[in-house]
Amino acid sequence: MANLLIVGPPGAGKGTQAARLAAALRVPAVSTGDIFRQNIKEQTELGKRVTAILDAGEYVPDELTNELVDDRLAQPDAERGYLLDGYPRTAGQVEYLDGVNLRRGEQLDAVVRLIADTDEVVRRLSARALEQGRSDDTEEVIRHRLDVYERETAPLIAIFEERGLVVEVDGIGAVDEVTERILAGLAARGIEA
Ligand code: ADP
């Protein structure tokens with residue numbers, strides 16, 4: 001049983017690590033970005049509403065994002081916990097998630113903070129743009145996403161620090177090494193599979 005977040009700038013490797021941690025800890029990795037992209041691909045109503053927002057590197061409005069997360073965390077596989085990737089990203093989302101946890105009679109157990117410097121994340125995102133062709137991975141949109149992250153999301157980490165929840169991990173190095181560092185950090189807090 002563990003309720004976890006993974007936070008860090010775009011390109012820090014959250015998605016890659018989230019999948020591995022989720023498998024190791026047997027909780028679902030829930031990525032709001034992946035859910036939005038899936039909806040865009042399938043051209044659902046939600047997808048149509050958020051296409052232009054994602055392409056511009058802006059944040060989807062809180063009402064839409066919060067409802068999406070609420071629905072996802074109500075699925076049976078999230079009963080033993082969850083690992084959220086890319087959420088919460090705004091102060092309103094932090095507050096909303098607190099409400100969700102309160103209703104579950106639970107709390108957050110830890111927040112994994114992946115550290116990666118700007119040069120490295122721009123390099124990674126540009127490489128991913130070539131490999132995956134994500135429409136929000138153009139240089140201009142990447143820069144904008146980093147700006148929005150610094151302005152809206154980075155300041156929220158202080159809230160989790162005050163609550164004593166943050167496990168800081170260096171995100172630079174081989175993927176396996178980074179996973180080991182995170183698992184060691186979580187184990188030190190008694191969070192293990
Ligand atoms: P990255 O962290 O690499 O920029 P994500 O896959 O996490 O990418 O998210 C991609 C896009 O999806 C964001 O730029 C934003 O438009 C939207 N998005 C994802 N999560 C949220 C969220 N919690 N609140 C608002 N918008 C979000």
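Position 1 is the first residue of the sequence, and the numbers go up from there. Counting convention: from 1, in listed order, for ligands and their atoms alike.
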Check: For ligand 1, which atoms, with element, lie under 4.0 Å from some heavy atom of Leu54?
Finding: 11 (C), 12 (O), 16 (O), 17 (C)

Checklist line | Salt-bridge contact Glu177-Arg181 (side-chain N to carboxylate O under 4.0 Å) | finding: yes

Check: Thr65 heavy atoms, cut-off 4.0 Å: which ligand 1 atoms fall inside?
Finding: 22 (C), 23 (N), 24 (N), 25 (C)

Notebook entry, point to check: Starting from atom 15 (C) of ligand 1, which protein heavy atom do you reach first, and at what distance in Å?
Noted result: Glu58 O, 3.3 Å

Note to self: Quick test: of every protein heavy atom, which one is nearest to atom 3 (O) of ligand 1, and how far off is it to 0.1 Å?
What the structure shows: Arg145 NH2, 3.2 Å

Notebook entry, point to check: Do Leu146 and Arg143 pass the side chain to side chain contact (heavy atoms under 4.5 Å, CB included) test, and can you show the C-alpha distance, the side-chain angles, and the key distance before you say yes or no?
Noted result: CA-CA 5 Å; Leu146 286 167; Arg143 283 189 196 288; 5.6 Å; no

Margin query: Treating Arg104 as the side-chain partner and Leu73 as the backbone partner, does any N or O pair qualify as donor plus acceptor under 3.5 Å?
Written below: yes

Note to self: Whether the side chain of Thr32 engages the backbone of Gly86 through a donor-acceptor N/O pair (distance < 3.5 Å, no angle test) should be reported.
What the structure shows: yes

Notebook entry, point to check: What is the distance from atom CG of Leu156 to atom CD of Glu161, rounded to the nearest 0.5 Å?
Noted result: 11.5 Å

Notebook entry, point to check: So which heavy atom in the protein is nearest atom 13 (C) of ligand 1, and how far is it from that ligand atom?
Noted result: Arg89 NH2, 4.1 Å

Next item on the list: Check each atom of ligand 1 against the heavy atoms of Thr32 and keep those under 4.0 Å away; list them by number with element.
Entry: 19 (C), 20 (N), 21 (C), 23 (N)

Next item on the list: Take Asp137 and Arg145 through the side chain to side chain contact (heavy atoms under 4.5 Å, CB included) test and state the conclusion after the steps.
Entry: CA-CA 9 Å; Asp137 273 348; Arg145 272 163 46 216; 3.0 Å; yes

Next item on the list: Step by step, work out the side chain to side chain contact (heavy atoms under 4.5 Å, CB included) result for Val167 and Arg113.
Entry: CA-CA 6 Å; Val167 176; Arg113 177 184 189 187; over 6 Å; no

Check: CZ/Phe36 to CD/Gln38 distance, rounded to the nearest 0.5 angstrom?
Finding: 13.0 Å

Next item on the list: List the steps, then state whether salt bridge (charged side-chain N to carboxylate O under 4.0 Å, His left out) holds for Arg20 with Asp176.
Entry: CA-CA 9 Å; Arg20 293 164 153 250; Asp176 281 344; 2.7 Å; yes

Next item on the list: For Lys14, take its heavy atoms, then give the atoms of ligand 1 lying under 4.0 Å from any of them.
Entry: 2 (O)

Notebook entry, point to check: Where does Arg37 meet ligand 1, judged by heavy-atom distances below 4.0 Å: at the side chain, the backbone, both, or neither?
Noted result: side chain

Check: Which is it for Tyr59 and ligand 1 at heavy atoms under 4.0 Å: side chain, backbone, both or neither?
Finding: both

Next item on the list: Please list all pairs passing the salt bridge (Lys or Arg N to Asp or Glu O under 4.0 Å) test where one or both residues lie in residues 85-98, with sequence neighbours left out.
Entry: Asp98-Arg163

Notebook entry, point to check: Which atoms of ligand 1 are found less than 4.0 Å from any heavy atom of Gly86?
Noted result: 20 (N), 21 (C), 22 (C), 23 (N)

Item checked: Protein contact of atom 27 (C) of ligand 1 - nearest heavy atom, named by residue and atom, plus distance -> Phe36 CE1, 3.8 Å

Check: Within less than 4.0 angstrom of ligand 1, does Arg134 place any heavy atom?
Finding: yes

Next item on the list: Could you check atom 26 (N) of ligand 1 against the protein and tell me its nearest heavy-atom contact, residue, atom and distance included?
Entry: Val60 N, 3.0 Å

Item checked: Close-contact set for ligand 1 against Gln93 heavy atoms, below 4.0 Å -> 22 (C), 23 (N), 24 (N), 25 (C)

Next item on the list: Could you tell me whether Arg128 approaches ligand 1 through its side chain, its backbone, both or neither, with non-hydrogen atoms closer than 4.0 Å?
Entry: side chain

